[in-house]
Amino acid sequence: MTDNNQADHPCLPGGLIPLEQWRVPETSVRRTIRSGLRDILDQLKAGIHPDEQAFRSLDDLPTLSERQIQDYAPVPDREELARALLNELEQLRRSGGQSRKASFLVAPPFSGIAEALGASGRRVIAPPDNLLMPERDITGWWDHQLQDDDWVIPELADFWLRHRSGLGLLRELLARLARDKVGEGIIGCSSWCWQFWTQYLPELHLAPLTPSPLSGDRLTNWLGHLAGERPQGPLTARMTQDGLYVLPAPTGDDERKYSLFTRDLATLARGNPGVALAIWRRTLRARPEDEAQQQGEEDAHQNGRQCWVAPLDQLSLPAVPQSSARQSGYLLHALLMHGGLSLGQLELTSGLPGEELRIALSRLERADVVTGDEQEGIFRVQALAYPAVRRYLQSKGYPVDSF
């Protein structure tokens with residue numbers, strides 16, 4: 001849990017920290033005011049045009065091809081992140097920073113922790129088909145699952161439903177964890193799931209860890225790491241309107257002028273890597289506003305990889321459609337607490353009847369706030385919409401996570 005971790009693990013900038021040390025990345029007063037005004041405008045637009053496509057660019061510049069996006073801003077390597085997490089946990093255990101048998105990691109949605117833990121090579125404990133398992137069967141089920149060490153639960157939110165019959169599995173597991181009566185394992189837990197259970201069991205103390213938030217500097221390094229090195233060199237990214245640099249990360253003797261874009265993006269994403277990456281992908285452009293500026297740079301970057309970055313103010317991110325009813329809040333809160341739910345599970349957790357539920361879901365899908373996986377039959381909040389969803393739930397009085 002030192003600053004050196006950023007250099008040791010570029011895929012895990014800042015390493016792991018105790019949950020209580022997590023802080024939202026700082027931003028400028030100017031950016032805070034602009035964000036507040038944009039939030040108001042987004043909500044007004046959502047009320048006026050609730051069913052139109054939620055995202056659109058406010059510039060006319062050409063976007064990158066899908067192949068270029070995959071090259072410049074690829075999905076993080078889950079196995080690389082898994083190795084970094086295991087190494088970090090081992091160092092903490094050796095130094096005395098982790099004394100419990102099972103390591104407990106809490107992270108916001110889209111952080112990539114669950115996917116990395118699933119690719120860690122350890123024995124994965126999967127949830128049972130029946131999350132409403134009778135109480136008499138729960139103890140034996142956990143006895144069987146926890147009989148050996150080196151297990152991992154990628155996402156604890158998959159093991160319960162907010163329903164009177166859907167709490168038993170987690171009640172039993174959390175009681176064992178509190179008593180340290182489990183083998184050596186690793187548990188990943190969504191911040192929204194954690195928020196519910198710390199309210200439900202206020203005396204629960206598990207000393208959770210969490211990834212450090214991505215500040216502007218960390219985000220710059222992380223995006224550069226994702227883009228990687230090629231024979232042509234690192235990715236060069238510059239702002240479309242003024243040509244200021246975003247990537248590569250500045251060095252000690254760098255004379256180039258840099259934008260504050262990554263600092264503002266880190267704040268908008270609240271230090272969340274998955275949300276930052278989703279927005280970053282949407283900002284990438286094939287050329288700047290001034291074509292003469294691009295022409296003047298062609299000689300210097302003829303053999304390199306170069307793209308352009310639209311200012312955040314030129315993006316219109318998804319907003320939750322406004323409504324006098326509370327269906328949207330019920331659904332979005334349930335989806336975040338569980339990470340994703342089927343239609344049947346949504347009926348159980350939201351209390352909404354089927355037809356009313358489908359209408360509300362359809363509206364959220366048209367607004368690009370929620371997406372449904374046709375193969376899995378699971379509905380989830382979209383990463384690009386997460387900042388708006390979190391603000392919406394907070395404004396409606398729902399208990400939100402601390403991230």
Side-chain angles (χ1 to χ4, degrees), residues 6 10-14 17 19 21-28 30-39 42 54-55 57 69 72-76 81 106-116 190-192 195 210-227 237 239 246-247 249 259-284 309-320 332 335-336 339 368-369 371 380-395 400-403:
Q6 184 168 337
C11 63
L12 186 63
I17 60 174
L19 181 60
Q21 292 183 11
W22 189 94
R23 298 291 183 274
V24 178
E26 295 181 358
T27 190
S28 64
R30 178 170 171 263
R31 175 67 193 170
T32 302
I33 294 173
R34 288 207 315 265
S35 296
L37 291 174
R38 188 172 66 181
D39 291 347
D42 284 347
F55 171 83
S57 172
I69 290 176
Y72 299 166
V75 175
L81 179 55
V106 174
F110 315 109
S111 63
I113 296 300
E115 292 80 3
S190 158
S191 55
W192 291 79
Q195 189 278 332
T210 190
S212 296
L214 290 183
S215 62
D217 291 343
R218 287 173 177 167
L219 180 56
T220 300
N221 287 317
W222 185 68
L223 292 175
H225 171 71
L226 289 183
M239 301 302 297
V246 180
L247 294 178
S259 167
L260 296 178
F261 175 87
T262 52
R263 188 181 70 174
D264 289 343
L265 176 56
T267 303
L268 176 59
R270 295 179 66 86
N272 186 318
V275 174
L277 180 60
I279 299 173
W280 169 248
R281 286 178 155 211
R282 293 288 194 169
T283 66
L284 299 183
V309 183
L312 292 172
D313 292 343
Q314 292 184 9
L315 298 183
S316 179
L317 299 178
V320 180
L332 293 171
L335 288 175
L336 287 177
D368 283 346
V369 171
T371 183
R380 294 181 174 88
V381 172
Q382 298 238 51
L384 201 63
Y386 182 68
V389 170
R390 190 182 185 281
R391 290 192 301 267
Y392 174 83
L393 291 174
Q394 191 170 31
S395 71
V400 299
D401 72 344
S402 58
F403 291 80

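Heavy-atom basis, side chains included; hydrogens, waters and symmetry copies ignored.
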So, the side chain of [X] versus the backbone of [Y]: is there a donor-acceptor pair under 3.5 Å, distance only?
X      : Y      : result
Arg380 : Thr371 : no
Arg270 : Pro387 : no
Thr220 : Gly216 : yes
Arg263 : Asp217 : no
Thr210 : Val106 : yes
Arg390 : Asp401 : yes
Asn272 : Pro109 : yes

Is the shortest side-chain heavy-atom distance between [X] and [Y] below 4.5 Å?
X      : Y      : value
Val389 : Tyr392 : no
Leu384 : Asp368 : no
Ile279 : Leu312 : yes
Leu247 : Tyr72  : no
Val381 : Trp192 : no
Pro76  : Trp222 : yes

Minimum heavy-atom separation for [X] to [Y], with atom names?
X      : Y      : result
Ser259 : Val246 : CB-CG2, 4.4 Å
Gln195 : Val400 : CG-O, 3.4 Å
Pro318 : Val369 : CB-CG2, 4.4 Å
Leu81  : Gly112 : CD2-O, 3.7 Å
Pro211 : Ala107 : CD-CB, 4.1 Å
Ser212 : Arg218 : CB-NH1, 3.3 Å

How far does [atom1] of [X] sit from [atom2] of [Y], to the nearest 0.5 angstrom?
X      : Y      : atom1 : atom2 : result
Ser316 : Arg282 : OG    : CZ    : 11.0 Å
Ser190 : Phe403 : OG    : CZ    : 9.0 Å
Ser111 : Leu214 : OG    : CG    : 10.5 Å
Phe261 : Leu219 : CZ    : CG    : 8.0 Å
Trp280 : Leu226 : CH2   : CG    : 10.0 Å

Derivation and outcome, side-chain contact (heavy atoms from CB on, under 4.5 Å), residues Leu268 and Asp264 = CA-CA 6 Å; Leu268 176 59; Asp264 289 343; over 6 Å; no
